[in-house]
Asker: 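Below is a structure I'd like to ask you about.
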Amino acid sequence: MNATLDLPRGKGFWITGILALLWNLIGVAMFVMQLTMSPEQVAQMSSADQTIYNALPMWLYVVFGIAVFGGVLGAIGLLLKKRWAVTMFFVSLLAILAQTIGMFTSTPAWDLKGVHTLGMPGILIVIALFLWWYSQKAAVRGWLN
């Protein structure tokens with residue numbers, strides 16, 4: 001009798017999956033906060049941030065939602081050891097890329113804030129790339145069904 005539970009992936013797999021889920025749930029919280037921001041909360045932003053916020057087209061909210069919910073589904077799929085996690089992380093990555101490009105092409109973010117506005121989108125892209133790569137690696141190794 002095999003005393004090990006189906007854990008060929010080790011602790012790193014589970015830690016990565018849990019951190020991915022927590023990270024993407026934070027993204028969902030940020031998405032909800034942005035969607036439900038009151039006029040009073042918007043008024044407390046800097047004038048540059050207010051201008052950018054007011055210039056956001058609705059399609060960017062849709063893409064933001066696809067990014068964060070795709071990431072959540074990817075993390076859940078990873079934890080459930082499902083191959084579709086790779087697809088969901090890829091969808092999330094594409095949505096983050098579209099959101100970043102859209103932010104800089106359809107709002108005055110670049111003009112108002114400059115190059116330092118690339119910091120957070122850069123971090124998001126790197127993490128999304130890592131999660132997609134990691135899930136692909138897990139699928140190739142047979143860790144995902």
Side-chain angles (χ1 to χ4, degrees), residues 1-38 41-42 45-46 48-145:
M1 178 173 169
N2 188 354
T4 62
L5 298 173
D6 182 28
L7 296 175
R9 302 146 216 47
K11 291 180 186 175
F13 176 85
W14 300 107
I15 291 169
T16 301
I18 290 166
L19 289 176
L21 182 58
L22 292 173
W23 172 256
N24 282 286
L25 287 173
I26 290 169
V28 169
M30 298 305 294
F31 174 71
V32 170
M33 284 174 38
Q34 189 165 344
L35 277 181
T36 60
M37 210 177 272
S38 70
Q41 291 169 315
V42 174
M45 299 167 120
S46 70
D49 286 334
Q50 285 182 44
T51 302
I52 295 164
Y53 179 84
N54 291 325
L56 288 171
M58 185 52 71
W59 69 266
L60 270 178
Y61 288 102
V62 173
V63 174
F64 186 7
I66 292 169
V68 297
F69 288 105
V72 166
L73 289 173
I76 290 169
L78 191 64
L79 290 168
L80 293 174
K81 301 179 269 182
K82 298 297 181 185
R83 187 172 288 274
W84 50 260
V86 178
T87 302
M88 297 315 305
F89 282 132
F90 185 65
V91 166
S92 179
L93 171 62
L94 290 179
I96 291 168
L97 291 170
Q99 181 185 13
T100 301
I101 292 166
M103 172 67 78
F104 292 111
T105 59
S106 62
T107 74
W110 187 263
D111 295 333
L112 293 173
K113 296 212 154 199
V115 72
H116 75 275
T117 56
L118 291 174
M120 191 59 178
I123 291 168
L124 296 174
I125 291 167
V126 167
I127 291 171
L129 274 168
F130 169 77
L131 292 173
W132 178 49
W133 168 82
Y134 186 84
S135 64
Q136 285 181 311
K137 183 173 126 178
V140 168
R141 290 185 175 178
W143 299 349
L144 307 179
N145 303 321

Asker: To check you understand the geometry: which heavy-atom pair defines the closest contact between Ala139 and Leu144, and what is its length?
Answerer: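 That would be N-CD1, 3.8 Å.
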Asker: Starting at CD1 of Ile125, measure out to CG of Leu97 and round the result to the nearest 0.5 Å.
Answerer: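 The distance works out to 5.0 Å.
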Asker: Starting at NZ of Lys113, measure out to CG of Asp49 and round the result to the nearest 0.5 Å.
Answerer: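 Going from the NZ atom of Lys113 to the CG atom of Asp49 covers 3.5 Å.
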Asker: State, yes or no, whether a side-chain contact exists between Phe13 and Leu78 at a heavy-atom distance under 4.5 Å.
Answerer: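 Result yes, sub-4.5 Å side-chain heavy-atom pair found.
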Asker: For the pair Leu35 and Phe64, evaluate side-chain contact (heavy atoms from CB on, under 4.5 Å) and give the outcome as yes or no after the intermediate values.
Answerer: CA-CA 10 Å; Leu35 277 181; Phe64 186 7; over 6 Å; no
Asker: To the nearest 0.5 Å, how far apart are CZ in Phe31 and CZ in Phe69?
Answerer: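 Answer for the CZ-CZ pair, Phe31 versus Phe69, is 5.5 Å.
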Asker: Which heavy-atom pair separates Gly74 from Ala85 by the least distance, and what is that distance?
Answerer: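 Smallest interatomic distance, heavy atoms only, reads O-CB, 3.3 Å.
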Asker: Heavy-atom count check: over 12 atoms from other residues, nucleotides or ligands less than 6.0 Å from Met30 CE?
Answerer: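 Open: at most 12 neighbouring heavy atoms sit under 6.0 Å from CE of Met30.
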Asker: Looking at Thr117 and Ala109, what are the two nearest heavy atoms and their distance?
Answerer: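 Closest approach of Thr117 to Ala109, heavy atoms only: CG2-O, 4.1 Å.
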Asker: Taking all non-hydrogen atoms of both residues into account, name the closest pair between Ser106 and Trp59 and its distance.
Answerer: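 Heavy-atom minimum between the residues: OG-CZ2, 4.1 Å.
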Asker: Taking only residues two or more places apart in sequence or in another chain, which ones pass ring-ring contact (aromatic ring centres under 6.0 Å, His included) with Trp132?
Answerer: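 Partners of Trp132 by the ring-ring contact (aromatic ring centres under 6.0 Å, His included) criterion, ordered by chain and then number, come out as Phe90.
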Asker: How long is the straight-line distance from OG1 of Thr105 back to CG of Leu60, given to the nearest 0.5 Å?
Answerer: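 Here the interatomic distance stands at 7.5 Å.
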Asker: Would you say Ser135's side chain and Leu131's backbone share a donor-acceptor pair under 3.5 angstrom?
Answerer: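 Flag set: sc Ser135 to bb Leu131 pair under 3.5 Å.
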Asker: Quick one: CG on Leu124 to CG on Leu93, what's the gap to the nearest 0.5 Å?
Answerer: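 Separation between the atoms: 11.0 Å.
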Asker: Is any side-chain heavy atom of Trp110 less than 4.5 Å from a side-chain heavy atom of Val115?
Answerer: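 Yes, at least one pair of side-chain atoms sits under 4.5 Å.
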Asker: Please step through side-chain contact (heavy atoms from CB on, under 4.5 Å) for the pair Val72 and Met88, ending with a clear verdict.
Answerer: CA-CA 8 Å; Val72 166; Met88 297 315 305; over 6 Å; no
Asker: Show every donor-acceptor pair shorter than 3.5 Å between a side-chain atom in residues 15-25 and any protein atom, with sequence neighbours excluded, or say none if there are none.
Answerer:
unit_1	atom_1	unit_2	atom_2	d
Thr16	OG1	Gly12	O	2.7
Asn24	ND2	Ala20	O	2.8

Asker: Tell me the closest heavy-atom pair linking Ala67 and Ile96, and the distance in Å.
Answerer: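 Answer, listing the atom of Ala67 first, then Ile96: CB-CG1, 3.7 Å.
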Asker: Quick check for you: to the nearest 0.5 Å, what is the distance between Gln99 atom CD and Phe104 atom CZ?
Answerer: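 Atom-to-atom, Gln99:CD and Phe104:CZ are 10.0 Å apart.
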Asker: Is any side-chain heavy atom of Gln34 less than 4.5 Å from a side-chain heavy atom of Leu56?
Answerer: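 A side-chain contact under 4.5 Å exists here.
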Asker: So, does Gln50 use its side chain to make a donor-acceptor pair with the main chain of Met45 at under 3.5 Å?
Answerer: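 Indeed, once roles are kept as given, a pair shorter than 3.5 Å links the two residues.
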Asker: Show the nearest heavy-atom pair for residues Met37 and Val42, with the distance to one decimal.
Answerer: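 Shortest heavy-atom separation between Met37 and Val42 comes out as SD-CG2, 3.8 Å.
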